[in-house]
Number of protein chains: 2
Amino acid sequence: MQSDIYNIGQAAKASGISAKMIRHYEEVGLLPAASRTFSGYRTYSHQDVHMLRFIRHSRDLGFSIKQISDLLSLWRDRNRPSSKVKQMASEHIEMLNQKIQELITMKSELTRLVSCCHGDERPDCPILDELAQDK
Amino acid sequence: MQSDIYNIGQAAKASGISAKMIRHYEEVGLLPAASRTFSGYRTYSHQDVHMLRFIRHSRDLGFSIKQISDLLSLWRDRNRPSSKVKQMASEHIEMLNQKIQELITMKSELTRLVSCCHGDERPDCPILDELAQDK
DNA sequence: ACTTGACCTTGCCATAATTGTAAGGTCTAA
DNA sequence: TTAGACCTTACAATTATGGCAAGGTCAAGT
């Protein structure tokens, strides 16, 4: 924990991002290429792990890799206007809202169908009936 | 509309599923292989289009291809117990609920962060601060 | 030294549903 | 006969993540 040099497994444990994904993020350019030991092992500094944590938190909020990439740029930019960050976050909230609404619509519709179905051993089923409707 | 023979484009228009996806559903086994004209064009009957509509409705409710496949089996089974359908639907509602909750959690957290951010030209940004937190 | 086990490397495949693209064959109407 | 619309297959890309395989490396115990 106090050492400044991590290999990928230690960085993974410390950041909560799997080694697999750390390599992937490097490959797609979200992370700069890690420096390597003589034998080819990736090495990470405390700063690197800090960045990985930033990525994980962003990911946990549902940001895409592209968005996280932009957030990282803003993070590194000491002259960023906070308005840019706020706007990105707000837009993401809007996207979340949209997805939530879609799912709620599905759920409501399905709940309605379920409440119409006896759910016994007989074959009559309003759920199937409605799915089959030409509508 | 009254003809009983559709080619893939007409079936797509009539069902609301793209021709591309109709081919895909056939390839992965959700649909039986369509019969063909002499020159190799797929042909669909009114019944087939009916099934495609069933698939679209199921898809619109968020069922996976595997689940739709099971729903189709139940649909075709004249001796199905409606309880099976109801159970599938109920389980799907549970899954939708879970996803909805995840998204709502993200949204709440992000909304909290956004409300803390001035969103002006200055660089201070609690959103970035929290993303960067070691936590 | 030598072996063992844990860990690292790359590369490829798979997921789920959908879209795009490319190269080529077919049908229809002018 | 030709143009344009539509069909065919095959392959790639998307998004984020996991799995596997074959092989190199490191550290600890014998």
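Each chain gets a letter, A, B and so on, in the order its sequence line appears, and its residues count up from 1. Because the structure is predicted, anything quoted here is derived from the model rather than measured. Computed over heavy atoms, backbone and side chain alike; hydrogens, waters and symmetry mates excluded.
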Rounding to an integer number of Å, can you tell me how far [X] [atom1] sits from [N] [atom2]?
| X | N | atom1 | atom2 | result |
| --- | --- | --- | --- | --- |
| B/Glu26 | C/dT18 | CD | C1' | 17 Å |
| A/Ile5 | C/dC7 | CD1 | C1' | 17 Å |
| B/Asn7 | D/dC7 | CG | P | 5 Å |
| B/Ile55 | C/dT18 | CD1 | P | 11 Å |
| B/Leu30 | C/dA16 | CG | P | 13 Å |
| B/Arg36 | D/dC6 | CZ | P | 19 Å |
| A/Glu27 | D/dA13 | CD | P | 12 Å |
| B/Ile68 | C/dT18 | CD1 | C1' | 13 Å |

Distance-only polar pair, side chains of A/Thr43 and A/Ser35, donor-acceptor under 3.5 Å |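 On atom types as modelled, these side chains qualify, holding a pair under 3.5 Å.
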
Fit a plane to each ring of A/Trp75 and A/His50, take the angle between them on a 0 to 90° scale, and name the class: parallel (under 30°), tilted (30 to 60°) or perpendicular (over 60°).
->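 Ring orientation of A/Trp75 relative to A/His50: perpendicular.
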
Does A/Lys86 NZ have over 12 foreign heavy atoms under 6.0 Å away?
->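 Yes, the 6.0 Å shell around NZ holds more than 12 heavy atoms from other groups.
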
Give A/Arg23 one of three labels, base, sugar-phosphate or nothing, depending on what nucleic acid heavy atoms sit under 4.0 Å from its own.
->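 Result for A/Arg23 = base.
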
Indicate yes or no: at least one non-hydrogen side-chain atom of [X] is less than 4.5 angstrom from one of [Y].
| X | Y | answer |
| --- | --- | --- |
| B/Glu109 | B/Glu130 | yes |
| B/Arg53 | A/Gln133 | no |
| B/Met51 | B/Leu31 | yes |

Annotated protein contacts, base or backbone, on nucleotides 23-30 of chain C with a non-hydrogen cut-off under 4.0 Å, one of B, S, - each | --BBS---

Reading nucleotides 15-22 of chain D 5' to 3', which nucleotides get B (base under 4.0 Å from a protein heavy atom), which S (sugar-phosphate only), which -?
-> -SBBBB--

Is a donor on one side and an acceptor on the other found under 3.5 Å between the side chain of B/Ser82 and the backbone of A/Pro123?
->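 Here the side-chain-to-backbone pair does not exist.
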
Could you tell me whether a side-chain N or O of A/Ser69 sits under 3.5 Å from a main-chain N or O of A/Ile65, the two making a donor and an acceptor?
->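 Flag not set: sc A/Ser69 to bb A/Ile65 has no pair under 3.5 Å.
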
Does a nitrogen or oxygen in the side chain of B/Arg42 sit under 4.0 Å from OP1 or OP2 of D/dC7?
->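 Checking D/dC7 against B/Arg42, no side-chain N or O comes under 4.0 Å of OP1 or OP2.
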
Taking it one step at a time, do A/Ser45 and A/Asp48 satisfy side-chain hydrogen bond (donor to acceptor under 3.5 Å, both in side chains)?
-> CA-CA 5 Å; A/Ser45 69; A/Asp48 293 330; 3.2 Å; yes

